[in-house]
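Let me begin by presenting the structure, written as structure tokens, before commenting on it.
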Amino acid sequence: MKPSIFLPFLLLLLFVSFPSSKSSSHDYGEALSKCLLFFEGQRSGRLPPNQRLRWRGDSGLADGWMGGVDLEGGYYDAGDNIKFGFPMAFTTTMLAWSVIEFGDSMPSDELRNALVAIRWATDYLLKTISQADRIFVQVGEPLHDHNCWERPEDMDTPRTVYAVDRDNPGSDIAGETAAALAASSMAFRSHDHGYSQMLLQNAIRVFEFADTYKGAYSDNAGVRPGVCPFYCDFDGYQDELLWGAAWLRRASADDSYLNYITNNGKTLGAEDNINEFGWDNKHAGLNVLVSKEFLEGKVYSLQSYKESADSFMCTLIPESSSSHIQYTPGGLIYKPGGSNMQHVTSIAFLLLTYANYLSRTSQTVNCGSVSVGPTSLQLQAKKQVDYILGDNPMSMSYMVGYGNKYPQRIHHRGSSLPSKADHSQPIACKEGSIYFNSTGPNPNILVGALVGGPGEDDIYNDDRADFRKSEPTTYINAPLVGILAYFVANPLS
């Protein structure tokens, strides 16, 4: 049971004011701290002594043995016990990008926690690429896992290992892994130079694999039954090649990657689907990322990327002739299909990041008869994060543990089942059903978890079974780290 069947979507945002249940007055620092704490609840592997969510325990310690490799560690993507490599790599990229762009706005202890969250992922990603010309892309059988309701500490479903190689390629997951390692190398550069360099060298190696052996990982007959329909590559691998090259350009300043994104932009579809951004489609994020070098470095060969980024921003402005806006009555970006908050946080992150690039170069976006400046983009991002934190028709925070009213029955196995401390005996596959069907609140609070969110009518029923609305995911939280860090330093009240 997953919320993450990704369909192409139009990125939508309301530019005008929306009705709100109260005036905005949020503790962004508290929200940032809790947003990062969430990742500790998603950890797989042997937990460290300083683990703060104490109701979690060790899990998946033998992961990888079926493939003859050590794959302990990493993150469970959502409320289940599967380690999906594609969204995990994207989560890592977005955590690292949050630190790169907004780390200076983070309190020192939260910057430390952000780097810890990144390293928990990168240490695992390095294991997945430990063999030449092979990437391990997943651990666990989703259908078996989703047929059970059991704690990760108890899971007894098959821990099947899925991999791609030169004969059965996966340019999408390889490109995203390269992006994750390259971005993370930048995040660690001033904190652990040796680790940073090691990440960058591995990013270069895995990108070469992605570019040399082209193909989508979910076209692989051996991989497809495990990753689909949950994290199929619906939009092709070409955007991940450009995304990976763009991050390597930024991390290394190597002109070969500049030439790659300049020369291959059209053939790899850089101007296609420019209004989408998420774990499957990188186009809008790619254009914003690459625009930095055009705006600040005056690299005019990248002008088409900047033009696409501008076009994306104009789709978010109602007064623009290219506006495409869908929103709830309360003002939340809305895309049908489930796990809606993934769109909200990724869009808000791009708004803030592009606003920073524009601000540093004293530029605006020309949307026909409308000129849009950095402050306007920042205010639109703020409306979204304030809605998340409680400025909405239900007066509910959609971040677990933040505010006085937040989701109590999230779709999450570890949170909804009694902890090992309270129930030391294993809870078998179907024995957890009584807890899943319970109308009571989850016994373990997954602090910082951001759920899929309300429907198009702003209604959230707090139903554990409604996974499209009540399941948290790592890739919802990851962009929110950067957003909250920005508003810690710039509350824009």
Side-chain angles (χ1 to χ4, degrees), residues 2 4-6 63-64 66-69 71 73-75 77 82-94 121-122 124-142 159-184 199 202-248 257 260 264 267-269 273 278-283 285-286 474-475:
K2 303 286 297 174
S4 51
I5 299 176
F6 185 90
D63 278 358
M66 293 181 69
V69 64
L71 293 177
Y75 291 114
D77 74 299
I82 304 297
K83 294 194 300 204
F84 292 99
F86 197 18
M88 195 192 307
F90 176 71
T91 293
T92 311
T93 306
M94 294 310 297
T122 52
Y124 174 80
L125 292 177
L126 290 170
K127 293 180 179 183
T128 68
I129 60 170
S130 60
Q131 297 183 6
D133 293 337
R134 173 177 289 182
I135 301 177
F136 296 96
V137 301
Q138 183 171 314
V139 180
E141 288 275 7
R159 301 300 286 172
T160 305
V161 174
Y162 297 86
V164 297
D165 55 34
R166 64 172 67 189
D167 296 320
N168 300 281
S171 299
D172 33 29
I173 191 165
E176 184 61 68
T177 300
L181 297 176
S184 298
L199 292 174
N202 278 280
I204 292 169
R205 178 172 63 85
V206 74
F207 180 78
E208 183 178 351
F209 170 81
D211 191 45
T212 302
Y213 308 106
K214 293 183 175 68
Y217 88 130
S218 52
D219 288 344
N220 181 334
V223 169
R224 187 175 182 85
V227 304
C228 295
F230 313 106
Y231 293 104
C232 278
D233 183 345
F234 295 97
D235 289 304
Y237 62 83
Q238 293 85 351
D239 54 326
E240 277 82 28
L241 288 176
L242 291 169
W243 179 242
W247 273 111
L248 278 164
Y257 299 110
Y260 188 97
N264 293 294
T267 58
L268 293 178
N273 301 314
W279 59 262
D280 185 30
N281 191 312
K282 309 306 186 309
H283 282 96
L286 167 70
T474 58
Y475 47 88

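Computation of the quantities below employed the complete heavy-atom set of this structure, encompassing side-chain atoms and omitting hydrogens, waters and symmetry-equivalent molecules.
To the nearest 0.5 Å, the span separating CD1 on I173 from CD1 on I129 amounts to 11.0 Å. Taking OH of Y217 as the reference point, atom OG of S171 lies at 13.0 Å (rounded to 0.5 Å). Here the straight-line distance linking atom CE of M94 with atom CH2 of W279 works out to 15.0 Å at 0.5 Å rounding. Atom CG of D77 is separated from atom CZ of F86 by 13.0 Å, given to the nearest 0.5 angstrom. The CG atom of N202 lies 11.0 Å from the OG1 atom of T177; values are rounded to the nearest 0.5 Å. Annotation: the span from L268 atom CG to Y260 atom OH amounts to 5.0 Å, rounded to 0.5 Å.
At least one side-chain heavy atom of W243 sits under 4.5 Å from a side-chain heavy atom of T93. Counting only heavy atoms from C-beta outward, the side chains of L241 and K214 approach each other to under 4.5 Å.
In terms of the side chain to side chain donor-acceptor pair (under 3.5 Å) criterion, residue partners of T91 (sequence neighbours excluded) are, by chain and number, T474. Shown here are the salt bridge (Lys or Arg N to Asp or Glu O under 4.0 Å) partners of D219, two or more places apart in sequence or in another chain: there are none. For R166, the salt bridge (Lys or Arg N to Asp or Glu O under 4.0 Å) partners two or more places apart in sequence, or in a different chain, are D133. Partners of N220 by side-chain contact (heavy atoms from CB on, under 4.5 Å), not counting sequence neighbours, listed by chain and number: V164, N168, V223. Among residues two or more places apart in sequence or in another chain, the salt bridge (Lys or Arg N to Asp or Glu O under 4.0 Å) test is passed with D239 by none. Not counting sequence neighbours, the partners of A178 by the side-chain contact (heavy atoms from CB on, under 4.5 Å) test are V206, F207. Residues satisfying the side chain to side chain donor-acceptor pair (under 3.5 Å) test with D63, not counting sequence neighbours, are K83, R159. Taking T160 as the reference, M66, E141, P158, Y162 meet the side-chain contact (heavy atoms from CB on, under 4.5 Å) condition, with sequence neighbours excluded. Contacts of Y257 classified as side chain to side chain donor-acceptor pair (under 3.5 Å), with partners at least two apart in sequence or in another chain: none. In this structure, the salt bridge (Lys or Arg N to Asp or Glu O under 4.0 Å) partners of K282, at least two apart in sequence or on a different chain, are E176, E240. Scanning for side-chain contact (heavy atoms from CB on, under 4.5 Å) contacts around Q131 gives V69, R134, F136, with sequence neighbours left out. For T122, the side chain to side chain donor-acceptor pair (under 3.5 Å) partners at least two apart in sequence or on another chain are Y195.
Residues V161 and G67 come closest through the heavy atom pair CG2-N, 3.9 Å.
Ring-plane geometry between F209 and Y213 is classed as tilted, the angle between the planes lying from 30 to 60 degrees on a 0 to 90 degree scale. Relative ring orientation between F84 and F230 is described as tilted, the plane-to-plane angle lying within the 30° to 60° band.
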